[in-house]
Amino acid sequence: MQSDTTSASDAAISTIVIVGGGSAGWMAAAALAKMLEGSKTIRLVESEEIGTVGVGEATIPQMRLFNAALGLDEAEFVRATQGSFKLGIEFVNWGALGERYIHAFGNVGQDLGMVPFHHYWLKMRRLGRADALADYTLSNVAARAGRFAPLVRALGLPDMPLAYAYHFDAGLYARYLRGYSEKLGVRRSEGKVARVELRPADGHVQALLMENGERIEGDLFIDCTGFRGLLIEQALQTGYEDWSHWLPCDRALAVPTENVGPPPPYTRSTAGRAGWQWRIPLQHRTGNGHVYCSRFISDDEASAELLAQVEGRPLAEPRPLRFVTGKRKKLWNKNVVAMGLASGFLEPLESTSIYLVQSAISRLIQFFPSRGFNAVDIAEHNRLADEEFERVRDFIILHYHQTTRTDSPFWQHCRTMEVPAELRAKIALFRSAGRLLRGPQDIFNEVSWLQVMVGQGLQPQGYHPMADLLNADEGAYFLGNIKAGIARQVAGLPSHGEYLQRYCKAPR
Ligand SMILES: Cc1cc2nc3c(=O)[nH]c(=O)nc-3n(C[C@H](O)[C@H](O)[C@H](O)COP(=O)(O)OP(=O)(O)OC[C@H]3O[C@@H](n4cnc5c(N)ncnc54)[C@H](O)[C@@H]3O)c2cc1C
């Protein structure tokens with residue numbers, strides 16, 4: 001009931017309609033049901049006939065915050081999704097053919113006062129007294145050793161949490177969240193939306209007309225319909241910002257294979273002739289795929305390259321997917337907020353899409369509207385969302401652009417293309433004296449950029465002058481201690497396979 005002092009525009013949202021039941025739809029349903037504590041009616045519409053994209057299996061550590069906010073039990077979640085633990089991504093053949101590095105989660109070395117660790121490392125490397133950056137990074141050493149436990153213990157050293165994320169089966173994750181959401185009162189409707197009804201006065205979405213004749217009304221609509229963007233694009237014609245001049249890959253093939261050996265605790269990305277291939281180890285199978293640029297390689301060649309590279313027996317034919325990298329011009333338009341693939345697409349090189357859903361949900365809660373849909377709030381929401389997308393875009397472009405590969409026209413193109421101004425500035429700053437600054441909406445912190453820049457072969461010309469406060473012997477002692485401590489910590493960890501077997505073994 002509206003109070004006398006509440007105008008129509010201040011009236012509270014009472015019904016939220018989520019369209020789409022992929023990872024995005026069910027993540028939104030679960031989180032909103034939990035956070036809004038039954039104060040709103042939440043409905044979710046999905047069509048089994050249309051199905052979901054069925055990929056999206058690697059995540060970043062922020063996912064753990066999402067699961068924790070829902071109160072999920074980690075071991076139960078990993079078992080339910082045939083999941084495994086992820087300490088980072090191994091990049092093979094990216095900076096140069098034959099080279100590899102890991103972008104690992106968590107800290108790199110140990111900062112001293114105001115000066116980040118890597119400046120000491122840069123100085124000591126120049127003196128020939130430092131090992132690879134990877135050796136000073138706990139998650140990196142653990143990943144290469146195939147070891148995992150959430151907490152690292154070693155005699156004489158403080159207990160240290162390991163930074164990690166998950167690999168999981170996206171279909172099972174959506175199913176798991178569906179059970180969770182329905183228990184909290186989310187009402188699911190099966191069927192296809194045939195038409196979207198707009199309110200004549202202001203063009204807001206008023207109702208969904210289902211193929212079975214049902215009419216579903218709502219105040220706030222969340223478009224999680226995947227690439228088609230049923231509400232945000234087909235109904236509201238929001239427009240799309242195309243970034244394929246920076247990220248030219250436009251197709252993917254996905255194929256599951258049998259596991260060979262226990263799952264390694266990291267994702268692998270291997271750069272090919274005109275794109276790259278992923279390997280994501282789960283408990284019941286391995287997810288593989290090839291992201292490629294159709295201007296430089298045919299579908300048949302891409303499929304052959306993928307199948308030549310996979311390690312286990314394929315369990316299905318490669319499944320094709322097409323996309324255009326970019327984002328909607330507005331992620332929130334009128335009374336529709338787009339999430340997941342409906343909001344835009346950035347290739348899964350750094351496993352960011354599921355996190356972008358999580359972040360979109362947080363942002364929606366932060367700017368949760370009344371029925372008046374305040375334009376100022378929506379504009380700020382969209383500005384923040386755009387910035388976040390753009391920083392991920394830049395981070396992905398860095399991998400393609402900062403390479404010495406010249407062995408194919410695709411890599412020639414990527415190496416010599418113009419990149420966005422913000423990225424150009426970031427590269428120049430690092431090249432000059434190893435400085436890295438994190439923007440407010442940047443998902444990735446300084447050490448993520450550091451590992452990828454160094455891994456891709458970007459060499460700073462200098463380092464922070466304050467690193468000279470340690471002389472060469474002190475610097476060598478400092479680095480040596482960190483490396484030895486990490487080696488001891490990792491030696492005490494169980495193997496990833498043992499940890500899964502003992503605590504999170506999924507049913508066969
Ligand atoms: C090749 C590839 C690899 C990827 N790898 C990763 C990764 O490793 N990590 C990561 O974080 N992300 C990854 N992603 C992204 C990730 O898959 C998606 O972000 C995530 O799965 C969310 O998808 P979605 O829910 O937005 O869309 P979808 O899964 O496509 O779901 C769309 C939903 O909308 C419904 N729908 C559509 N139209 C209608 C209609 N008319 N009526 C009723 N219902 C309708 C469908 O039934 C479905 O339920 C990858 C994406 C691709 C393409």
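One is the number of the first residue; the rest follow in order along the sequence.
With rounding to the nearest 0.5 angstrom, the CZ atom of Phe168 is 9.5 Å from the CD1 atom of Ile280. Of the inter-residue distances, the one linking Ile378 atom CD1 with Glu380 atom CD reads 12.5 Å to the nearest 0.5 angstrom.
A salt bridge links Lys327 with Glu241: the distance from a Lys NZ or Arg NE/NH1/NH2 to an Asp or Glu carboxylate oxygen falls below 4.0 Å. In summary, Arg328 and Asp223 do not engage in a salt bridge, as defined by a charged side-chain N under 4.0 Å from a carboxylate O. Look at Lys426 and Glu422 and you find no salt bridge, because none of the NZ, NE, NH1 or NH2 atoms lies under 4.0 Å from a carboxylate O.
Taking the six-membered ring where the residue is Trp, the centroids of Phe444 and Trp449 are separated by 6.0 Å or more.
Between His118 and Phe430, the two ring planes are tilted [angle within 30° to 60°]. Under the 30°/60° scheme for interplanar angles, the aromatic rings of Trp278 and Trp276 are found to be tilted. Note on ring orientation: taking the six-membered ring where Trp is involved, the planes of Phe296 and His413 are tilted (angle from 30° to 60°). Using bins of under 30°, 30° to 60° and over 60° for the plane-to-plane angle, the ring pair Phe345/Phe323 lands in the tilted bin. The aromatic rings of Phe85 and Tyr164 sit perpendicular, their planes meeting at an angle over 60°, well past the 30° parallel limit.
Counting only distance, with no hydrogens or angles, the side chain of His167 and the backbone of Gly83 share no donor-acceptor pair below 3.5 Å. Not one N or O on the side chain of Thr403 forms a donor-acceptor pair closer than 3.5 Å with the backbone of His399.
Take Tyr176 and apply the ring-ring contact (aromatic ring centres under 6.0 Å, His included) test, not counting sequence neighbours, and it matches no residue.
At a cut-off of 3.5 Å, with distance as the only test, a side-chain donor of Gln456 or Tyr101 sits close to an acceptor on the other residue.
The nearest pair of heavy atoms linking Ile89 to Ser351 is CD1-OG, 3.9 Å.
Considering Glu214, Glu217, Glu190 as possible partners of Arg43, the one that fulfils the salt bridge (charged side-chain N to carboxylate O under 4.0 Å, His left out) test is Glu214. Put simply, the residue from Val419, Leu423, Leu349 that forms a side chain to side chain contact (heavy atoms under 4.5 Å, CB included) with Leu398 is Leu423.
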